[in-house]
Every structure is written in C-alpha cells, then in structure tokens.
**Student:** 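Handing you this structure, nothing more for now.
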Number of protein chains: 2
Amino acid sequence: MAVRFVRKLEKYGRLSKTECQVIVDVSQNTRKIAARKSILHEDENSQKSCVILSGLACRYKIFEDGARQIVGFLVPGDFCEGYAHQPEYHLGTLSQCLIAYLDNDALAGIMDEYPRISRNLWRTSKAEAAVLREWLVNIGRRPADKRVAYLICELCTRLDGSDVDVAGGCALPVSQIELADATALSTVHINRVLSRLRDNKLVTLQRRSITIKDLGRLKAYAQFQDAYLQLPKSA
Amino acid sequence: MAVRFVRKLEKYGRLSKTECQVIVDVSQNTRKIAARKSILHEDENSQKSCVILSGLACRYKIFEDGARQIVGFLVPGDFCEGYAHQPEYHLGTLSQCLIAYLDNDALAGIMDEYPRISRNLWRTSKAEAAVLREWLVNIGRRPADKRVAYLICELCTRLDGSDVDVAGGCALPVSQIELADATALSTVHINRVLSRLRDNKLVTLQRRSITIKDLGRLKAYAQFQDAYLQLPKSA
DNA sequence: CGAAAGGTTGAAACTTCTCAAGCAGGGTGG
DNA sequence: CCACCCTGCTTGAGAAGTTTCAACCTTTCG
C-alpha cells in the first residue's frame with residue numbers, strides 16, 4: 001500500500017502480460033453497494049492478490065453484529081494480497097475500479113524467477129505496516145476532529161502521489177459512513193466534525209468531492225507528517 | 001512479529017555467526033526505566049534491525065506532549081526493523097532482554113546470497129501487518145473491557161508460541177501504564193477494567209504476573225481468534 | 001415521481017477521561 | 001535495620017467527548 005509503485009507497476013505490467021489475469025471490475029456507482037460488494041472475499045479468493053489500477057478501494061473487517069472497521073484505503077498502484085488466515089476481512093471498492101488480479105501461485109513462480117520482486121513485496125508490506133501504525137496512533141490518541149483531518153491528509157497525499165491531481169480539490173468518493181468506519185467514530189459524530197472543519201475553513205467534503213483551501217494549514221492542524229508514506233518526492 | 005520464528009531463528013542463528021552482532025542489552029529491572037530507555041532510536045540506529053532472543057519489548061510512538069502509543073509488543077523470536085522514515089517511533093524493553101542486532105547493510109548482502117530470506121522477511125512483515133490490523137480493530141471497535149481482554153489473549157498466545165510456558169499463569173512484565181498506552185485508554189480506566197475482569201474471574205494481573213483460570217472463557221469473552229497470528233500449531 | 005440512501009440536527013445517555021488524593025510495596029540511603 | 005521516597009496502584013467525583021435514538025431533510029437514482 002502506501003508507497004507509490006509507478007516503477008513497480010511497470011514490473012507488474014511486464015508480469016501481467018504473461019502471468020496476470022487482468023479483470024475489469026466495474027462496480028455499481030452506488031458507493032454503499034460497491035463497498036458491501038467485496039472484490040476479494042478471503043474465504044473464496046485467498047489465493048489471489050491484486051493491484052489497484054484506478055479508483056478507490058478499502059479493506060475492512062465485518063463483525064457478526066454488522067459493525068465495520070475499515071483498516072486501510074487503496075489508491076491506484078497499491079498492491080493488495082488476500083489474507084488466507086483472516087476470513088472476516090474483505091476488500092471492497094468505493095468507486096469504479098480497474099483491478100489486475102494475480103494468482104498467488106503465479107506470484108510464487110515469479111518470485112523464484114525474479115528475486116528482486118520478493119524484496120519489493122517486502123518493501124510494500126513494510127510500507128503498509130507503517131500506514132497501519134499511523135492509523136493506530138491516529139485512532140488511539142487523537143481527538144475526533146484531528147483524527148478526521150489526519151485521515152483526509154493521508155488520503156489526499158496518497159492520491160496526489162498516484163495518478164490523481166489534488167490541487168485545492170478533487171473527487172473523493174468517501175461517504176460519511178465510510179469515514180466513520182475508518183476513523184472508529186459514529187456517523188453522527190463524523191457529521192458534526194465535518195461541519196466544524198468546514199466552519200473553520202480547513203476542509204470541505206461534500207457531494208463526493210473535497211475542497212481544501214490551504215493544505216498546509218490542514219496538515220499543521222492534523223499534525224500530519226508524510227514521511228511515513230515514503231513518497232518519492234517527499235525525500 | 002507475530003509469527004513464531006523457531007525455524008527462522010535457526011536461519012538467523014546461522015547468519016549471526018558470520019554477520020550479526022549479538023549484544024546483550026541488560027536493561028534495568030525497573031520496567032519504566034527500561035521502557036523509556038529505547039534500544040533502537042530511529043534517528044540514531046535506523047540502519048539496524050534486531051531479533052528479540054528473550055524478554056519482552058515494545059514499539060511505541062511518542063508525541064511532543066509526552067503521550068505515548070504502544071503499537072506492538074515483541075516476544076522472543078520476533079524480528080524488528082528500524083523505521084528510517086519515522087523518527088518518532090522507538091523500540092524499548094519491558095523486561096531484561098537478550099537482543100541480536102543486525103546491520104541493515106549486512107542484511108541486504110544476506111538477502112542477495114539467500115533469496116529465501118527476503119521471502120521470509122516478507123512473510124514476517126505481513127504477519128506484523130496482520131497484528132496491526134487486529135490492534136486497529138480492537139482499539140477502534142471494542143469497548144474497554146473486551147479490548148484489554150483481547151490484548152491479554154494475544155500476548156499470552158504469542159508468548160505461549162515462543163519459549164514461554166503460559167499454563168494458567170506466567171510472568172507478564174507489563175504495568176497498567178503500559179497496558180493503557182497499548183490499548184489507548186487512561187491508566188485510571190485500565191485499573192477499573194482490570195478489577196472488573198478480576199471480579200468476573202476472567203483474568204488476574206498483579207505483581208508482574210498473570211493468572212488465567214479459564215483461557216477458553218477469556219478468549220470467548222474477548223472474541224479472540226488466533227488465526228491471524230498464524231501459529232504453527234493453530235493450523 | 002417515488003423510493004432509498006445519505007446527510008443533518010437535537011437531546012439524553014453512556015463511556016471514558018481528568019483531576020485529585022491516598023495507599024502499597026520495593027529499593028535506597030542513613 | 002528502619003525510614004523514606006519513588007513508582008505504580010487504587011478510589012472517588014465531576015467533566016468531557018462520543019454514542020445512541022429519533023426525527024427530518026436532501027440528494028440520487030430508477
């Protein structure tokens with residue numbers, strides 16, 4: 001996740017010509033349906049991995065009582081693997097997505113042939129863990145307003161690092177429900193937080209698009225440091 | 001982290017004879033000092049990794065205001081890498097530990113020589129991410145009592161999977177302060193939670209040791225499933 | 001146009017935190 | 001050897017943040 005994989009994608013592109021099964025997953029426009037309709041059910045497809053080529057997706061865990069915790073977003077370029085041992089986790093789309101699937105057996109063969117691939121996958125996984133740590137800290141230690149602001153900073157920064165242009169504003173197909181599930185807050189509270197952030201002229205999130213007047217101010221407010229994302233340009 | 005590395009440790013053992021610098025880090029008995037005294041400061045030693053051979057350690061992030069969030073515990077056999085891009089993270093001991101340090105340059109050389117190492121490191125990193133996801137869900141979606149119970153289940157299960165014998169009770173050098181920092185609760189609340197768990201005869205945590213009358217009952221209460229730890233025997 | 005999903009608002013309840021004070025025990029110095 | 005001190009644990013009470021419930025509004029989509 002997290003790390004931009006332009007270079008890596010080229011590699012995967014090379015691989016996909018021979019090994020990958022590229023599938024267009026045209027999910028419904030309705031976000032909720034799209035999110036509920038998972039594209040990688042672990043119990044069914046744990047032997048597959050995928051790369052997000054376009055669109056926005058997320059990983060989430062569903063509890064028996066229906067509660068959901070989103071544990072990460074996936075932007076174009078992100079690699080995502082099935083969790084063989086965690087059937088309660090799913091991968092779902094938040095918008096129309098183009099996704100390249102990759103059979104895990106094929107991946108194993110590729111790693112044998114190209115040793116650098118497994119090293120890159122290690123990097124990928126470490127980057128994902130770095131993001132998870134930040135989410136943990138964010139949910140664990142920050143109050144609601146900064147928590148939401150921080151998540152928005154991360155999403156925008158990662159989108160900006162992929163193919164999306166996030167200057168001042170862009171499409172962000174995330175509903176308040178999904179924001180709530182990602183930040184471990186209730187939807188009602190998310191709503192109040194967003195209106196406060198809007199009143200404070202920090203960020204406006206409406207109609208599936210986001211407007212940030214002053215990204216620097218938002219980052220400062222959220223105490224957001226992008227080093228953990230290990231973006232090429234952040235160095 | 002998370003995954004038992006008995007087999008892997010043998011490999012590291014082989015490596016350490018030639019490449020690793022094995023250092024005994026005898027931290028003070030006082031837990032707090034030990035925890036505060038980090039053993040891998042990112043700004044200083046980001047080019048080093050290590051393997052915990054014995055004892056209990058943790059990773060944590062410190063905020064400017066002194067708040068701390070523990071993002072993971074390390075039990076014997078766990079591999080731990082420096083975070084070059086996240087200087088606010090540290091690695092600290094919770095008890096006397098024996099730690100093998102490994103220079104990252106040496107590690108890179110080893111990976112060139114033994115391609116399977118990088119694949120194993122990928123596995124390691126994926127296992128760490130799996131644990132982080134569970135922590136995220138735990139902190140995000142579970143009420144305080146179950147949250148603490150869940151963490152205790154994880155710690156005991158992982159310790160049981162390393163060299164420690166956890167039948168009914170064992171040493172657990174974790175203070176209430178550290179539990180609070182790991183579960184994103186206040187120490188006062190941790191105290192009340194622990195006394196409730198004790199009253200309900202689920203778990204007793206006193207004097208640096210833990211007593212569990214009925215582990216199955218505790219796991220059921222915490223809704224703990226150990227599949228994500230990918231223990232050899234859990235299959 | 002109607003239905004369904006998501007967004008908005010208010011009020012009450014609940015969980016958790018903060019502040020504050022006191023207790024317990026282990027290690028250290030007199 | 002004892003007293004002291006420091007750290008961690010315990011307890012109470014009030015405050016704060018967040019959730020829940022419920023109703024209503026708005027937008028989207030068929």
Side-chain angles (χ1 to χ4, degrees), chain A residues 27-37 63 65-70 92 94-96 138-149 171-199 203-210, chain B residues 27-37 63 65-69 94-96 138-149 171-199 203-210:
Chain A
S27 47
Q28 310 309 311
N29 263 337
T30 322
R31 286 178 313 249
K32 194 195 169 187
I33 293 174
R36 303 289 177 201
K37 191 174 193 302
F63 284 75
D65 66 358
R68 181 172 70 157
Q69 174 68 50
I70 293 176
L94 298 172
S95 70
Q96 212 178 40
N138 195 35
I139 288 181
R141 289 284 169 233
R142 264 186 269 261
D145 289 40
K146 294 195 175 185
R147 200 187 300 182
V148 173
L172 193 71
V174 179
S175 71
Q176 294 189 0
I177 296 172
E178 285 143 8
L179 258 188
D181 286 348
T183 52
L185 295 166
S186 68
T187 54
V188 173
H189 203 103
I190 281 285
N191 184 285
R192 296 190 229 264
V193 166
L194 284 179
S195 62
R196 274 198 298 266
L197 292 177
R198 201 183 313 130
D199 292 347
V203 59
T204 303
L205 188 59
Q206 278 175 328
R207 309 268 203 79
R208 303 178 188 185
S209 76
I210 197 169
Chain B
S27 47
Q28 308 311 309
N29 261 337
T30 322
R31 286 180 312 251
K32 194 192 168 186
I33 293 174
R36 303 289 177 201
K37 189 172 193 308
F63 284 75
D65 65 359
R68 179 172 71 154
Q69 174 69 49
L94 298 172
S95 71
Q96 211 178 38
N138 196 34
I139 289 181
R141 288 283 169 234
R142 265 188 269 262
D145 289 39
K146 294 193 174 187
R147 200 188 299 182
V148 173
L172 193 72
V174 179
S175 71
Q176 295 189 0
I177 297 171
E178 284 142 9
L179 258 188
D181 286 349
T183 52
L185 295 167
S186 67
T187 54
V188 173
H189 204 199
I190 281 284
N191 185 282
R192 296 192 228 264
V193 166
L194 284 179
S195 61
R196 275 197 298 265
L197 292 177
R198 201 183 314 130
D199 293 347
V203 58
T204 304
L205 189 59
Q206 278 175 328
R207 307 269 205 80
R208 303 178 189 185
S209 76
I210 197 169

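Quick caveat: nothing in here was measured; it's all calculated off a predicted structure.
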**Student:** Could you state the CZ-P distance from R142(B) to dT19(D), rounded to the nearest angstrom?
**Tutor:**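 Going from CZ in R142(B) over to P in dT19(D) covers 17 Å.
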**Student:** Hey, does the side chain of N191(B) come within less than 4.0 Å of dT10(D)'s phosphate (OP1/OP2), counting only N and O?
**Tutor:**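 Yes, because at least one side-chain N or O of N191(B) sits under 4.0 Å from OP1 or OP2 of dT10(D).
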**Student:** Taking the side chain as C-beta and beyond, is there a heavy-atom pair between R68(A) and F63(A) under 4.5 Å?
**Tutor:**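 Sidechains of F63(A) and R68(A): no contact.
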**Student:** Between Q69(B) and A184(B), which heavy-atom pair has the shortest distance, and what is it?
**Tutor:**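 Taking every non-hydrogen atom into account, OE1-CB, 3.7 Å.
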**Student:** Quick one: pull up CD1 in I190(B) and CD in E178(B) and give me the separation to the nearest 0.5 Å.
**Tutor:**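 CD of E178(B) is found 11.0 Å from CD1 of I190(B).
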**Student:** Nearest nucleotide by nearest heavy atom, which residue falls closer to the 5' end of DNA chain C, T187(B) or S195(A)?
**Tutor:**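 First, find each residue's nearest nucleotide; the 5'-ward one identifies S195(A).
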**Student:** For the side chain of H189(A), counting heavy atoms from C-beta on, which of dT18(D), dG7(C), dC17(C) is nearest?
**Tutor:**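 Taking heavy atoms from C-beta onward, the closest nucleotide is dT18(D).
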**Student:** Which part of the nucleic acid, if any, lies within reach of L185(A) when heavy atoms closer than 4.0 Å are counted: base, sugar-phosphate only, or nothing?
**Tutor:**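 Answer is sugar-phosphate: L185(A) comes under 4.0 Å of backbone atoms only.
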**Student:** Please pick, from dG25(C), dG6(C), dT19(D), the nucleotide with the shortest atom-to-atom distance to any side-chain atom of S186(A).
**Tutor:**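 Of the options given, the side chain of S186(A) lies nearest dT19(D).
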**Student:** Salt-bridge test for R141(B) and D181(A): reply yes if a basic N is under 4.0 Å from a carboxylate O, no otherwise.
**Tutor:**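 Yes, charged N to carboxylate O under 4.0 Å.
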**Student:** Round to a whole Å and report the spacing from CD of Q176(B) to P of dT7(D).
**Tutor:**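 Distance, rounded to whole Å: 17 Å.
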**Student:** Going by heavy atoms in the side chains, are V203(B) and R198(B) under 4.5 Å from each other?
**Tutor:**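 The answer is no, as the side chains (C-beta and beyond) never meet within the 4.5 Å cut-off.
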**Student:** Taking the side chain of V188(A) as its heavy atoms from C-beta onward, which of dT20(D), dT16(C), dT27(D) lies nearest to it?
**Tutor:**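 Selected nucleotide (nearest to the side chain): dT20(D).
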**Student:** Provide, to the nearest angstrom, the distance between the CZ atom belonging to R208(A) and the C1' atom belonging to dT28(D).
**Tutor:**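 Rounded to whole Å, this separation is 7 Å.
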**Student:** Quickly work out the L205(A) CG to dT27(D) P distance and round it to whole Å.
**Tutor:**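 Going from L205(A) (CG) to dT27(D) (P), I get 15 Å.
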**Student:** Find the distance R141(B):CZ to dT15(C):P and express it as a whole number of Å.
**Tutor:**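 The distance from CZ of R141(B) to P of dT15(C) comes to 16 Å, rounded to the nearest Å.
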**Student:** Would you classify A180(B) as touching base, sugar-phosphate or nothing, given that sugar-phosphate means primed atoms plus P, OP1 and OP2, and contacts are heavy atoms under 4.0 Å?
**Tutor:**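 Nothing, no heavy atom under 4.0 Å.
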**Student:** Check whether any side-chain heavy atom of R208(B) sits under 4.5 Å from a side-chain heavy atom of L172(B), and report yes or no.
**Tutor:**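 Answer no - side chains too far apart.
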**Student:** Could a donor-acceptor pair under 3.5 angstrom be found where the side chain of R192(A) meets the base of dG10(C)?
**Tutor:**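 Counting by modelled atom types and ignoring angles, a donor-acceptor contact under 3.5 Å is found here.
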**Student:** Does the side chain of I210(A) reach to within under 4.5 Å of the side chain of T204(A), using non-hydrogen atoms?
**Tutor:**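 No, every pair of side-chain atoms sits at 4.5 Å or beyond.
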**Student:** Determine to 10° how strongly the helix from dC1(C)-dG30(D) to dG30(C)-dC1(D) is bent, judged from the axes of its five-pair ends.
**Tutor:**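 It works out to 40° between the end axes.
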**Student:** To the nearest Å, give me how far apart NZ (K146(A)) and C1' (dG17(D)) are.
**Tutor:**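 Taking atom C1' of dG17(D) as the reference, NZ of K146(A) is at 15 Å.
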**Student:** Taking CD from Q206(B) and C1' from dG25(C), how many angstroms apart are they, rounded to a whole number?
**Tutor:**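 Distance, rounded to whole Å: 13 Å.
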**Student:** Output the rounded distance in Å from CD1 (I190(A)) to C1' (dT19(D)).
**Tutor:**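 That distance rounds to 13 Å.
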